[in-house]
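The structure appears below as structure tokens.
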Protein chains: 2
Amino acid sequence: MQKEERQQFIIEELRAYNKVKSIELSEKLKVSEDTIRRDLKELAEKGQLKKVHGGAMSSSFSSFHNSLDNIYAHSSKVKIVRKALSLIEDNMVIIIDGGTTNLELAKILPLDLKATVFTNTLQVALVLCEHPEIDVCMLGGKLHKGSKLAIGLDVVNYLSEMHADICFMGTSGIHTTIGITENDREEAITKRAMIARSSRVVSLAISEKLGKIQPFKVDSIDKVHILVTEFAPNHHSLEAFRNAGIKIL
Amino acid sequence: MQKEERQQFIIEELRAYNKVKSIELSEKLKVSEDTIRRDLKELAEKGQLKKVHGGAMSSSFSSFHNSLDNIYAHSSKVKIVRKALSLIEDNMVIIIDGGTTNLELAKILPLDLKATVFTNTLQVALVLCEHPEIDVCMLGGKLHKGSKLAIGLDVVNYLSEMHADICFMGTSGIHTTIGITENDREEAITKRAMIARSSRVVSLAISEKLGKIQPFKVDSIDKVHILVTEFAPNHHSLEAFRNAGIKIL
DNA sequence: AAATTTCATGCAAAATGGCGCAAAATGTGT
DNA sequence: ACACATTTTGCGCCATTTTGCATGAAATTT
């Protein structure tokens with residue numbers, strides 16, 4: 001990957017998210033942070049972005065905020081997806097479900113990852129289109145407006161004909177005895193189908209979802225193999241899940 | 001392998017990937033890197049690409065030149081979709097295909113329009129999610145990265161089970177005798193399926209697509225019922241299409 | 001205040017670019 | 001068919017660019 005291409009990518013990231021972090025860029029682009037820093041310096045001199053501690057932001061956006069962390073308020077989700085990244089290897093078949101945490105996962109995937117990804121959410125699909133080595137398959141069907149994801153019969157039908165190595169589940173509620181729950185019936189059914197077609201099920205859940213119960217049951221707790229939260233694995237509130245036989249990351 | 005042939009190949013690679021590396025070209029073309037360098041130098045002097053360290057990039061891709069003629073094209077697209085709007089009524093079943101013009105159409109749809117819309121493009125689906133009265137159905141399948149739309153067997157299968165009142169076709173090339181053509185085979189097949197399942201087919205085409213021919217045939221010209229361009233309906237360059245029995249808007 | 005993270009600088013290794021030259025290929029006129 | 005000019009190509013040599021690492025300073029967090 002040459003310099004110009006990298007810088008082009010940085011500009012695009014900036015257009016999309018108004019902010020970039022040096023570390024994340026270096027992970028995505030597989031170069032050292034020094035190189036990223038040099039890129040940012042050059043682009044800053046050309047006036048194409050504004051450097052800030054830890055990264056850069058779109059120069060037009062900068063007047064409103066002056067710290068990256070204001071923009072990165074969702075840092076617990078970033079923590080989660082960083083950990084989840086370790087579960088992904090080249091040539092996997094991956095299902096990525098809806099939810100903002102899963103969207104963060106898609107954004108942080110290395111640019112050169114080779115994989116086949118099935119997703120029912122529009123934004124995840126859009127982000128993955130930027131990855132040249134990933135085969136993206138959109139699970140089609142009636143769209144749920146709020147969450148911008150496809151749900152219902154069409155998705156379930158499609159899923160029934162396939163199999164994935166790993167499934168990253170968005171989580172509205174996860175409870176040690178009740179299991180996984182959702183607040184929409186069709187969404188619950190869709191998730192259940194995803195679980196059924198995956199060798200491994202990973203639940204990405206910010207801590208506020210732990211112990212929460214939603215109206216519609218997705219599946220029992222033993223279907224979840226791995227739980228990833230922003231807490232350290234030995235955190236006390238994860239005790240019950242560990243006892244339920246779930247691997248904690 | 002002749003020089004011209006090589007340089008042609010480089011241009012094509014550039015069109016496909018927007019970037020090329022000298023080493024890879026020298027391997028693919030079985031010549032020394034020096035030769036490639038000389039080719040790139042010549043092409044750069046002719047303005048057909050932009051040389052960068054380690055290879056070259058598509059010159060249009062990098063700078064604002066691109067965005068400038070986007071702005072120019074944008075105004076004609078807005079003209080087109082304004083006219084196309086008159087074709088839409090409440091409670092219709094609508095297919096919206098890919099392309100930037102169709103995206104403009106989606107953006108301009110009245111917020112209170114009641115309709116069922118099928119689309120295979122991610123951005124159109126996202127825009128339509130903001131419309132509370134529109135049932136949006138995403139046509140799923142393997143995604144074509146550049147155009148961010150679902151193409152291929154899955155889409156065709158899904159279409160075969162439905163029927164729409166009207167279909168807004170993105171247009172890469174439309175020619176009075178050759179018909180509608182596309183630059184991707186699967187995209188062509190997908191469009192053909194859309195046409196087959198719609199009572200009325202509308203081609204939204206900025207003038208530069210008129211008379212253009214792409215490698216893959218979608219369907220014959222008599223499948224198009226209505227043609228919408230930025231020109232006034234009596235414009236001379238639309239004469240041939242009117243004679244072909246197409247209604248001009 | 002201490003610990004961690006990020007930044008700047010210098011440096012060396014690796015990759016890439018540029019130039020001249022000679023061999024090979026191609027074109028041209030007789 | 002032959003000699004000669006022109007173009008194209010590959011190689012060697014060296015300059016330049018790029019990159020990663022080490023070190024210490026600066027900024028930020030705990």
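Both backbone and side-chain heavy atoms feed into the values below; hydrogens, waters and symmetry mates do not. Chain naming here is simple, since letters A, B, ... match the order of the sequence lines and numbering starts at 1 in each.
Rounded to whole Å, atom P of C/dG17 lies 9 Å from atom CD of A/Gln2. Following rounding to the nearest Å, B/Glu33 (CD) and D/dG12 (C1') show an atom-to-atom distance of 14 Å. The interatomic distance linking B/Leu25 (CG) with C/dT16 (P) rounds to 12 Å, in whole Å. Rounded to an integer number of Å, the gap from A/Leu29 CG to D/dG20 P is 11 Å. Atoms CD (B/Glu4) and P (D/dT7) sit 14 Å apart, rounded to a whole Å. If you take NZ of B/Lys30 and C1' of D/dT9, they are 17 Å apart, rounded to a whole angstrom. Atom CG in B/Asp39 sits roughly 10 Å away from atom P in D/dT8 (whole-Å rounding). Separating the CD1 atom of B/Ile36 from the P atom of C/dG17 is a distance of 11 Å, rounded to the nearest angstrom.
For the 3.5 Å distance criterion, the side chains of B/Thr121 and B/Lys148 fail to qualify, holding no donor opposite an acceptor. Using modelled atom types, one finds a donor on one side chain and an acceptor on the other under 3.5 Å when comparing B/Ser172 with B/Glu182.
The neighbour count for B/Glu4 CD, taken as heavy atoms of other residues, nucleotides or ligands under 6.0 Å away, does not exceed 12.
One finds no salt bridge joining B/Lys77 and B/Glu104 here, because no Lys/Arg side-chain nitrogen approaches an Asp/Glu carboxylate oxygen to under 4.0 Å.
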Show the numbers, then the answer: is there a side chain to side chain contact (heavy atoms under 4.5 Å, CB included) between A/Arg38 and A/Asp34? CA-CA 6 Å; A/Arg38 274 185 280 246; A/Asp34 298 76; 3.8 Å; yes
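Phosphate proximity of C/dC19 to B/Arg38: absent, as no side-chain N or O sits under 4.0 Å from OP1 or OP2. Taking side-chain N and O atoms only, B/Thr35 has a distance below 4.0 Å to OP1 or OP2 of D/dG10. Proximity of B/Lys51 to the phosphate of C/dG18: a side-chain N or O atom is located under 4.0 Å from OP1 or OP2.
The nucleotide whose nearest atom lies closest to any side-chain atom of B/Lys41 is, among C/dG17, C/dC19, D/dG10, C/dC19. Nearest to the side-chain atoms of A/Ser32 among the listed nucleotides D/dG10, D/dG20, C/dG18 stands D/dG20.
Under 3.5 Å, the side chain of A/Asp34 and the base of D/dC21 form at least one donor-acceptor pair of N or O atoms. Between the side chain of B/Arg37 and the base of D/dG10, no donor-acceptor pair of N or O atoms lies under 3.5 Å.
Residue B/Lys21 is classed as having no contact, given no heavy-atom separation below 4.0 Å to the nucleic acid.
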